[in-house]
Every structure is written in structure tokens, then in C-alpha cells.
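Down below is the structure, laid out as C-alpha cells.
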Amino acid sequence: MSLQVYSTLSRKKEPFHKRPGETVSMYVCGPTVYKPSHIGHMVGPVIFDTVKRYLQYIGYKVTWVVNITDVDDKLIVRAGELKTTVPELAAKMTDDYLDCLKKLNVTGIDQFPKATEHIGGMIAMIGRLVAKGIAYPADGDVYFDVSKDSDYGKLCGFDPEQLEGGARLEVSGKKRNPGDFALWKGAKPGEPKEVTWDSPWGPGRPGWHIECSVMSQKLLGDTLDIHGGGLDLRFPHHENELAQSESDTDKPFAKVWMHNGLLKLRSGKMAGSLGNVLNVADALTLVGGETLRFFILNTHYRSPIDLGDWEPTPGSIPSGLANAQKAFETFTRFGERYQRITGRSFFTSTKPDPRRTMSVDMGSYLMRFSEHMNDDFNTGGAVGVLFDLVTALNRTADFHRLESPGAQADRAMAEFEEGAVLLKELGQILGLFLQAPSQAKLAGGDQLAAGLMDLLIELRNNLRATAKGIADKADPTKKALFDQTDLIRQRLAALNVTLEDRPAGTTWRVG
RNA sequence: GGUCCCGUCGCCAAGUGGUAAGGCAACGGUUUGCAAAACCGUUAUUCCCCGGUUCGAAUCCGGGCGGGACCUCCA
């Protein structure tokens with residue numbers, strides 16, 4: 001099956017409209033930078049980063065743009081609370097956002113245009129809409145006239161007439177229709193200078209949606225191949241973007257609209273307005289970026305992602321994340337095992353050759369993986385294939401005792417190596433297995449602790465060797481020695497350190 | 001009031017017409033001095049309920065019950 005992508009506009013899966021080798025333009029709505037990012041902000045970036053990785057894997061070139069909205073009511077309010085300026089707050093929160101993306105291996109974004117750097121373009125587009133009679137100035141503001149846009153509401157299936165029934169519609173005397181929305185907001189008394197620009201309609205600042213229309217057009221052209229964002233942005237943000245852009249260009253704004261599901265708690269919605277959000281920074285200290293990414297990709301992107309039970313208190317890990325962490329250890333452990341067997345790092349090993357020949361067995365894993373990804377980027381199904389593959393590899397390693405010193409099993413070793421290369425390749429498409437878990441984390445970041453552990457393990461292994469050397473199973477000395485080795489292991493376990501005795505030696509890890 | 005989504009093992013979750021992936025948890029077993037890790041096996045004759053269409057339904061249709069999102073702050 002070739003690639004199928006679900007589009008919100010048509011409400012069905014469509015064959016992807018581009019041919020491999022062509023460049024795909026992708027625009028995803030980014031954050032309003034007024035608060036530190038919470039984990040919900042990472043869902044879209046992780047998903048679309050994976051979309052890009054997969055598109056590249058099957059032969060496309062991809063240009064991906066994510067906007068930074070650095071002027072907005074929320075920024076003005078927040079800057080006031082913090083006694084800082086809007087640009088300073090925006091710069092700080094933008095850094096936070098970019099740092100979060102990096103920790104989650106979101107590396108595919110080509111450009112991050114900022115709204116404040118495109119004010120001129122916005123004024124120009126608003127001017128064109130006014131000239132066309134689709135927008136109208138009103139007392140310092142400029143509004144988009146939804147009654148002039150014959151297909152307004154097509155993205156969400158809303159009838160503009162019905163919008164009048166909405167309970168939360170702002171009643172403004174300046175608007176011609178209740179559904180009209182602001183393209184330009186006239187400056188209000190007392191608003192800081194940094195958020196005020198001159199325009200043909202007087203000083204003010206842009207409305208919420210116009211920056212995406214202007215920046216996507218400038219950087220990616222009139223028609224986007226993929227427009228993405230969170231489901232909550234579908235209305236009004238995307239509906240309005242679409243209306244503005246198509247009214248401006250008379251061309252389709254986006255070929256495919258992709259909307260990702262939102263993060264939720266078992267108890268319901270997670271939202272800044274409810275005060276039950278988990279910041280990315282906190283989540284990173286609890287479980288790490290790779291686990292977070294793995295967790296997000298475990299569910300199909302259009303479904304809501306359930307964090308499970310969680311109390312918004314320090315140190316509390318949502319049950320869904322704890323589960324993901326446990327599950328992901330399977331791969332981490334495999335990486336360690338790969339290193340013990342081959343002497344090379346699983347995580348930094350060389351890039352696989354895509355043209356290599358593959359055994360029938362391995363080819364079937366690749367095929368299953370591809371079929372899931374071709375089916376509207378079904379990462380949840382694809383992750384299942386990764387588990388099957390790692391199980392097969394562990395089975396090979398067990399059966400042929402690849403970890404035992406002097407294992408003579410060239411064919412088995414080749415089979416193991418081939419599978420490991422494939423596992424790594426498939427993992428990378430999902431943005432996983434890109435770097436080794438840091439040594440600092442394993443040793444608790446402490447050189448002294450690492451050295452003491454080595455000493456303790458050596459002493460314990462001396463005791464074990466002595467005990468094993470006593471042939472008489474009933475010998476009280478043998479038992480006494482083993483009691484001591486077990487005591488060491490138990491006391492370390494109480495400190496959250498696990499010892500593992502293996503044929504080639506003893507290893508330890510935190511957790 | 002309008003628009004839309006969902007209900008699959010104790011929990012998470014893939015599967016949208018061809019006879020129920022995967023993970024976590026649990027319980028047996030192999031391995032181990034004992035563990036840990038890994039591996040093998042067991043755990044949903046059944047997919048919220050009731051009808052219907054079909055040779056065949058978790059998947060399609062109708063009705064019910066339950067949960068959720070959006071309707072100008074939200075990723």
C-alpha cells in the first residue's frame with residue numbers, strides 16, 4: 001500500500017498527492033511564547049518530526065516551517081505580571097521551547113519565523129483583503145467579513161449562520177457579522193510601545209491568525225502540501241487562516257490538513273486554563289526526552305493521548321509515562337546487550353545502507369513497519385513491530401549464547417547484526433535510539449560513586465568466586481559467603497541500584 | 001442548540017468487512033549459587049448493549065447507554 005494521509009478537510013484518508021523525489025512543504029502552528037512549554041506542546045512537533053523523517057525515508061524532500069507567535073494579548077498580560085517587556089519574555093520562552101524540542105529529538109524544523117518579523121507582510125495582506133472588499137476597517141480595527149467568503153466554515157463543517165448561536169461569541173458593535181474576526185487590532189491606551197506598529201488604519205498590532213497566513217505564504221508559497229497543528233486549533237485558528245489565505249490568493253491554502261489529538265488525563269482535559277499541566281522541563285527530569293517521545297508515538301496521532309492518572313504535584317509521574325518508561329527500557333537494555341556482544345555502541349553505530357540486501361525474515365519486519373506508517377502514519381502499530389523485532393533479536397542472542405565468551409556462531413552473529421541494524425534504522429524513523437543514555441545518568445553524575453561501585457562489584461565478585469569454589473553445597477562457609485553477596489545486592493537495590501551478574505561480568509544501573 | 005470523535009484483556013493500545021498486533025501488570029517454566037535481564041508459555045471464542053445488512057461484522061447501517069472535544073484563550 002502506498003502512503004495514505006487523512007485530511008481534516010475531506011474527512012478521509014487520501015493517497016498522498018506528491019511523488020517521491022519532490023519537495024513537500026509542511027507548515028505546523030507553533031506556540032505563543034508566553035509561558036514555559038508543557039508536554040502538550042510537544043505532541044505536534046514530535047508527530048510532524050516523525051512525519052518528516054518518514055517522508056524523507058521513502059524518498060521525499062521536506063521543508064518544514066513552525067511559527068513563533070511573539071506578540072499577543074497573553075504576552076502583554078504576562079509581561080506585565082512579571083514586570084518585564086514583551087520582547088524579553090518572548091525571547092526567553094522561545095529559548096525554552098527550542099530547548100524542549102531538542103531534548104525530544106525534534107530536529108527537522110527548517111525555519112522558525114517570528115510574527116514580529118513579518119508585520120509588514122501582514123499589513124500588506126490585510127491591505128489586499130480590504131481592497132478586495134473582504135475585510136473592512138472599523139474604528140482602528142480591521143475585521144474579516146465572513147459573509148463575503150462563500151465557503152467560510154468548510155474546514156470545520158460550520159455554517160457561519162450557526163455561529164451566531166454560539167454562546168461565547170463576542171458581541172462587538174464594530175463587527176458586521178458576529179463571526180467576523182480581527183485582522184488588525186487598534187492599540188488601546190496604556191499598551192506598551194514594543195507591541196504597537198503603525199498601519200494605514202492607525203497604530204496597533206496584528207490579530208491572532210494573520211501571521212500564519214503571511215509567513216507560510218512567504219516561506220512556502222500559496223499552497224502548502226501539509227498544514228498541521230493541534231485539534232484545538234482547527235477552529236477558529238485554522239478556519240480563519242484558510243479563509244484569509246484563500247481570499248487573498250484564490251488558490252487552495254493547503255492540500256492536506258493534519259490535526260493531532262490532544263494530551264489528556266484519565267480524569268479529563270489537561271489545559272493551562274485548568275492549571276493541571278505538566279511542564280516539559282519537569283517531565284524531562286522525571287522520565288527523559290526519549291521516553292516522552294516514545295510515549296507520544298505509542299498512540300495514533302489523531303487519537304487523544306491518555307497520560308493516565310496524575311496529581312499535579314512535584315515528583316509525581318503520570319501513570320502513562322511511567323508505563324512508557326518501563327516499556328522503553330526494553331530497547332535501552334537491548335542497546336546495552338548489543339554493546340556487550342559486538343563491542344560497538346548500538347546508538348552511535350554507522351548508518352545502514354538503504355540498498356543493502358535483506359533476508360526474507362528481516363524484510364517482513366520492514367514491510368510490516370512500512371505498512372503501518374503508510375497507513376496515515378500509524379506509529380502505534382509501527383512501535384509494535386519494533387517490539388517484535390527486539391524480541392526476535394534477544395531470542396537469537398539467547399539461543400546461540402552470543403554473550404558467552406568465545407561464542408562461535410558466525411551465522412547467528414550475522415543474523416543478529418542484520419536485525420540490530422534494521423531495528424536501529426526503524427527506530428531512527430521514529431526519532432528514537434539516536435543517542436546513548438548518558439553515562440552521567442547511569443552513574444548518577446558522580447565519578448566517585450562510579451569508582452566505588454567498581455570497587456564494590458570487584459569485592460563482591462571475589463566473594464562469589466570463593467563461594468563457587470567450595471564444592472560441598474552444604475558447607476556453611478559457602479552459604480555465609482553467598483549471604484554476604486546477596487546482602488550487598490539487596491542493600492544496593494534499596495538505594496535503587498540494580499546489579500546484574502552476567503557471563504562476561506557484573507553490570508550495574510540506577511533503577 | 002450546532003459540529004465532531006470515541007467505547008477492544010486489570011491498565012495503555014493497534015486493528016475500519018475475512019476470523020482479535022504490541023506494551024505494562026499477573027501467573028507458570030527455562031536460565032541463574034540466588035537474583036536481575038532475556039527467552040518460552042498462560043491470561044479477550046470475543047471487541048459497551050440491542051437489532052439489521054452480509055457467506056462472513058470489533059469493523060457497515062439503525063436505535064440505546066456511557067465518555068470526551070470544539071463552537072472566537074488553548075498545541
Side-chain angles (χ1 to χ4, degrees), chain A residues 11 28-32 37-45 72-74 153 156-159 161-163 165-170 178-182 207-209 228-237 239-240 259-264 266 268-269 271-274 295 298-300 302-309 319-320 322-330 333-334 336-337 368 372 375 378-388 390-391 394-399 403 464 467-468 470 473 478-479 481-483 485-486 489-490 493 498-503 506-509:
Chain A
R11 284 183 207 136
V28 176
C29 289
T32 300
S37 298
H38 68 259
I39 55 179
H41 292 115
M42 294 295 111
V43 174
D72 176 89
D73 290 358
K74 292 193 291 293
C156 304
F158 288 159
D159 181 341
E161 302 293 318
Q162 287 168 351
L163 286 175
R168 285 159 64 183
L169 259 182
E170 181 192 344
D180 291 355
F181 55 92
W208 176 30
H209 322 293
L231 194 55
D232 54 343
L233 292 183
R234 204 168 57 118
F235 193 88
H237 187 54
E239 190 71 61
N240 291 351
H259 286 100
N260 61 270
L262 306 180
L263 219 45
K264 64 180 278 279
R266 194 201 303 278
K269 183 176 172 175
S273 54
L274 298 178
F295 169 74
N298 240 322
T299 304
H300 185 98
R302 277 190 283 122
S303 303
I305 305 176
D306 193 350
L307 273 166
D309 298 309
S319 61
N323 188 308
Q325 186 177 34
K326 205 96 204 301
F328 192 72
E329 279 177 14
T330 300
R333 298 242 162 85
F334 176 78
E336 292 162 3
R337 188 174 203 184
R368 283 172 59 206
H372 279 120
D375 183 11
N378 184 351
T379 55
V383 165
V385 178
L386 258 48
F387 275 104
D388 287 345
V390 81
T391 297
N394 275 321
R395 194 187 300 139
T396 299
D398 275 5
F399 187 77
E403 271 190 77
R464 289 177 66 220
K468 283 183 183 178
I470 298 172
K473 284 189 180 171
K478 183 183 178 94
K479 184 178 183 309
L481 288 171
F482 273 133
D483 283 349
T485 66
D486 290 345
R489 192 173 55 209
Q490 281 157 18
T498 306
L499 288 188
E500 300 182 349
D501 296 320
R502 302 177 180 286
T506 300
T507 60
W508 66 279
R509 62 185 154 83

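All chains are named by letter (A, B, ...) in the order of the sequence lines, taking the proteins before the strands, and each is independently numbered beginning at 1.
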Considering every strand and a 4.0 Å limit on heavy-atom distances, what is the contact class for [X]: base, sugar-phosphate, or nothing?
{"X": "A:Ala467", "answer": "nothing"}
{"X": "A:Gly320", "answer": "nothing"}
{"X": "A:Asp486", "answer": "base"}
{"X": "A:Ser319", "answer": "nothing"}

Once you apply the 3.5 Å cut-off to both distances, tell me the Watson-Crick or G-U wobble partner of B:U53, or none.
none

Does any N or O donor sit under 3.5 Å from an N or O acceptor when you compare the side chain of [X] with the base of [N]?
{"X": "A:Lys269", "N": "B:C74", "result": "yes"}
{"X": "A:Asp72", "N": "B:C73", "result": "no"}
{"X": "A:Arg489", "N": "B:C34", "result": "yes"}

Report yes if a side-chain nitrogen or oxygen of A:Arg234 is closer than 4.0 Å to either non-bridging phosphate oxygen (OP1 or OP2) of B:A69; otherwise report no.
no

For A:Phe482 and B:G33, say yes or no: do the ring centres fall under 5.5 Å of each other while the ring planes differ by less than 30°?
yes

When the P atoms of B:U16 and B:C61 are considered, how many whole Å apart are they?
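It works out to 14 Å between them.
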
Between protein and nucleic acid, restricted to nucleotides 15-18 of chain B and to nitrogen or oxygen atoms under 3.5 Å apart, what atom pairs and distances do you find?
from	atom 1	to	atom 2	distance (Å)
B:G15	OP1	A:Asn378	ND2	2.7

